[in-house]
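Residue numbers start from 1 in every chain, and the chains themselves are labelled A, B, ... in the order their sequence lines are given, proteins ahead of strands.
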There are 2 protein chains.
Amino acid sequence: MTRTMATIGTKWKPIIIYTIGKKKVRFGIIHAKMGIISKKVLTEQLKELEEDGIVMREAFNEVPPRVEYSLTQKGLELLPILNMLTRWNQKHNPAPSNQKPR
Amino acid sequence: MTRTMATIGTKWKPIIIYTIGKKKVRFGIIHAKMGIISKKVLTEQLKELEEDGIVMREAFNEVPPRVEYSLTQKGLELLPILNMLTRWNQKHNPAPSNQKPR
């Protein structure tokens with residue numbers, strides 16, 4: 001997935017969308033699943049995705065506070081497109097770990 | 001198309017791929033169709049797309065020299081995916097000119 005996006009010029013957002021998928025996910029889980037993204041950058045990207053109506057943020061008034069992210073309908077409709085991109089990438093770049101990163 | 005890519009975090013490459021489409025296109029035509037991209041950046045992006053096996057460059061030994069770009073099979077297989085992205089964008093952002101650019 002990362003390699004697909006590097007090839008066609010995207011950055012973090014498609015990977016964040018893909019990571020959230022059809023679930024409700026806490027910030028820490030997204031961060032852990034995504035690997036090398038910094039918390040600062042992930043926070044900024046999630047905020048932009050929320051502003052663009054792709055991601056929904058729910059804050060629960062609990063102790064400790066809990067914040068969950070999920071995809072909106074608009075965001076969910078991106079998932080099959082990102083799946084197509086992943087299949088395209090797997091077909092054409094079957095061994096991404098052997099390729100130099102851009 | 002530009003707005004789609006801004007939203008999901010891509011930059012020029014998907015637009016270049018979309019602009020070339022199924023045709024053989026000269027550099028100057030791609031540059032003219034794409035609008036505000038600089039020739040320097042377009043040259044760099046085309047070179048990277050060529051290195052990634054998405055774009056094919058053909059130089060003809062003519063006076064004046066002629067260089068044409070087309071999509072490889074790998075590149076052509078991205079077109080339906082980019083079309084899906086465009087439709088997604090048109091559905092969810094029907095009036096992109098009214099939205100502030102990021």
- request: Please indicate whether A:Lys47 has more than 12 foreign heavy atoms, meaning atoms of other residues, nucleotides or ligands, lying under 6.0 Å from its NZ.
  value: no
Any residue meeting salt bridge (charged side-chain N to carboxylate O under 4.0 Å, His left out) with A:Lys91, in chain and number order, not counting sequence neighbours: B:Glu77
Measure the spacing between [atom1] of [X] and [atom2] of [Y] and express it to the nearest 0.5 Å.
X	Y	atom1	atom2	value
A:Ile81	B:Thr86	CD1	OG1	9.0 Å
A:Leu85	B:Leu85	CG	CG	6.5 Å
B:Asn89	A:Lys74	CG	NZ	7.5 Å
A:His92	B:Asp52	NE2	CG	12.0 Å

field: With sequence neighbours excluded, residues passing side chain to side chain contact (heavy atoms under 4.5 Å, CB included) with B:Arg57
entry: B:Glu50, B:Ala59, B:Val67, B:Tyr69
- prompt: Should A:Phe27 and A:Val25 be regarded as members of a common hydrophobic cluster, given that ILVMFWY residues are connected when their side-chain heavy atoms come within less than 4.5 Å of each other, either directly or indirectly?
  reply: yes
